[in-house]
Amino acid sequence: MKTILRMILRSGFCCDTLPALRLFLRGINTPGLRQLLIAARIKFTPDILEGIRRSGLPPSRQGALFSAAMNLFRSGPTFKTTSAGRAPAADRAALEKAGPDGLIAEVGVSDGVSALGLLEARGGRGVLLTDRQDAFRYKDIGPFRVFYDKEDGAVSVKFLFLYLCLGLPAREVPADARSVSLLNPAVAALFPEAKLLPFDIFSGTLPETAAAIKCANVLNKAYFTPAQMKRAVANLHGSLREGGWLIISQSNPRYENGEAYVALRREKDSFILAEERHGHELLPDLRSPLFSGLVLPGGAA
Ligand SMILES: C[S@@+](CC[C@H](N)C(=O)[O-])C[C@H]1O[C@@H](n2cnc3c(N)ncnc32)[C@H](O)[C@@H]1O
């Protein structure tokens, strides 16, 4: 029953065109119209992202539309919601702690715009952009476009104006599947060498150890339980050099200046809770027995 409801909620009518997307984005932010659009089951598929990339609009306009469209997609329990300059305090902390040459990795970077501050400060060098999803994969089978949406555990099909979430369990992506890159075109235009690498915070290892890892708006209680977040923190430990920093940040109006972060310094097998700003929601858990052995008290104890 739950699966059928999920299928119905995720299926609908799609019109992957720029005018439709603009109208939809305007409507979805207008009280009253929002409910109407949701009830009308208007959907967009990853094709809209390619449509934006090929639109011929100036890169900054493409970038803004691309990030707005990203807000319509999910990755497992998390939304892809993002914007530039969302976590300036975490950016400053990462830059300061990594020094001029230390590698900074941003994990769960969505389409990459949230790392623009880091890329600009570093002239595009020494910043790795990573996310569990680097692309959406699809294959055309006759008149059907099949999206292998591993993240949601369901395969979806686009046929004419219909977008159907089949509710099938995740399938192996065929070797000849094509990709819709999730790297924001504005980031690609400003920093042609920027790449979005696949990296899962629960299981991945970065290609080289980082001096600082920025993790903004991913390890939130709305998405993960404290026990799950502990698994992610333990895994990220392995991608940091000794003395490296994990900066976990959350952007939310309830915090002073709209952002809170904790900065954990890697020391041998653990982290030291070295710094915190504005009472991040994870702070009580980091100080609780759940994290004992992994996160030790420090300057922010
Ligand atoms: C709300 S967005 C935040 C994007 C960006 N960090 C920001 O602050 O604007 C959450 C992002 O976390 C990513 N994500 C979710 N689970 C993840 C995982 N297990 N490993 C890596 N990234 C993940 C999602 O794909 C999504 O892009």
Side-chain angles (χ1 to χ4, degrees), residues 46 49 63-64 66-94 104-120 127-137 147-154 170 179-184 186-187 194-207 210 212-240 246-253 255 257-262 280-282:
L49 301 173
F66 199 92
S67 289
M70 285 296 268
N71 296 344
L72 307 174
F73 295 99
R74 294 185 71 119
S75 170
T78 71
F79 283 98
K80 304 282 302 171
T81 316
T82 191
S83 60
R86 220 178 159 200
D91 284 351
R92 277 194 300 277
I104 302 177
E106 179 159 343
V107 297
V109 75
S110 190
D111 70 3
V113 293
S114 65
L116 274 175
L118 297 175
L119 287 163
E120 276 157 12
V127 181
L128 269 187
L129 309 185
T130 76
D131 195 282
R132 185 164 76 146
Q133 288 174 319
D134 61 329
F136 288 121
R137 272 140 195 131
F147 290 98
Y148 298 88
D149 192 352
K150 261 188 153 176
E151 318 301 330
D152 275 340
S179 292
V180 177
S181 165
L182 296 186
L183 184 64
N184 189 297
V187 176
K195 287 197 177 46
L196 183 54
L197 303 179
F199 174 82
D200 193 311
I201 54 172
F202 292 102
S203 55
T205 309
L206 291 176
I213 293 178
K214 173 188 163 196
C215 179
N217 302 302
V218 184
L219 291 178
N220 296 354
K221 284 189 173 176
Y223 298 149
F224 300 109
T225 64
Q228 288 171 320
M229 292 194 254
K230 181 185 175 188
R231 275 209 295 123
V233 170
N235 182 61
L236 292 171
H237 185 276
S239 287
L240 278 168
L246 171 60
I247 295 144
I248 301 172
S249 146
Q250 188 176 21
S251 315
N252 192 299
Y255 296 126
N257 299 330
E259 184 189 357
Y261 75 80
V262 291
H280 192 285
E281 66 175 15
L282 197 53

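In listed order, ligands and their atoms are each counted from 1.
Here the side chain of D200 pairs a donor or acceptor atom with the backbone of F202 at under 3.5 angstrom. Side chain of N252 to main chain of E259: no donor-acceptor pair is present (N/O by atom type, distance under 3.5 Å, no hydrogens or angles). Without hydrogens or angle criteria, N217 side chain to S251 main chain gives a donor-acceptor distance under 3.5 Å. A distance-only check finds a donor-acceptor pair linking the side chain of N235 to the backbone of G204 [under 3.5 Å]. Side chain of E281 to main chain of K221: a donor-acceptor pair is present (N/O by atom type, distance under 3.5 Å, no hydrogens or angles). Between the side chain of S239 and the main chain of L206, a donor-acceptor pair closer than 3.5 Å is present.
Contact annotation: for R86 versus ligand 1, heavy atoms closer than 4.0 Å belong to the side chain alone. The part of F202 lying near ligand 1 is the side chain, judged by heavy-atom distances below 4.0 Å. Proximity of S110 to ligand 1, defined as any heavy-atom pair under 4.0 Å, is shared by backbone and side chain alike. Both the backbone and the side chain of D200 come within 4.0 Å of ligand 1, counting heavy atoms alone.
Residue F79 has no nitrogen or oxygen atom sitting less than 3.5 Å from a nitrogen or oxygen atom of ligand 1, judged on distance alone. The distance criterion of under 3.5 Å between nitrogen or oxygen atoms is met by A216 with respect to ligand 1. Between D131 and ligand 1, at least one N/O pair is under 3.5 Å apart. For ligand 1, the polar-atom distance check against V218 finds no nitrogen or oxygen pair separated by under 3.5 Å.
Residue F199 forms a side chain to side chain contact (heavy atoms under 4.5 Å, CB included) with just one option from L196, I201, L197, and that option is I201.
Closest to atom 8 (O) of ligand 1 among all protein heavy atoms lies N217 ND2, 2.8 Å. In terms of protein heavy-atom proximity, atom 23 (C) of ligand 1 is closest to R132 CB, 3.8 Å. Among all protein heavy atoms, the one lying closest to atom 4 (C) of ligand 1 is G108 O, 3.3 Å. Residue, atom and distance of the protein heavy atom nearest to atom 20 (N) of ligand 1 are I201 N, 3.0 Å. Distance from atom 15 (C) of ligand 1 to its nearest protein heavy atom, with residue and atom name: T78 OG1, 3.2 Å.
Heavy-atom separations between V107 and ligand 1 are all 4.0 Å or longer. Proximity of E106 to ligand 1 is established by a heavy-atom distance of less than 4.0 Å.
Between the choices D134, T81, T82, the shortest heavy-atom distance to atom 3 (C) of ligand 1 belongs to T81.
Remark: F79 CZ is loosely packed, at most 12 non-hydrogen atoms of other residues, nucleotides or ligands lying under 6.0 Å away.
Between K80 and D111 there is no salt bridge, since no side-chain N of the basic residue sits under 4.0 Å from a carboxylate O of the acidic one.
A parallel orientation is assigned to the rings of H280 and Y255, their planes being inclined by less than 30° (bins at 30° and 60°).
Residue-ligand proximity, Y223 to ligand 1, at heavy-atom distances under 4.0 Å covers atoms 1 (C). Taking every heavy atom of F199 and a limit of under 4.0 angstrom, the matching atoms of ligand 1 come to 20 (N), 21 (C).
Side chain to side chain, N184 and S67 meet the donor-acceptor criterion of an N or O pair below 3.5 Å.
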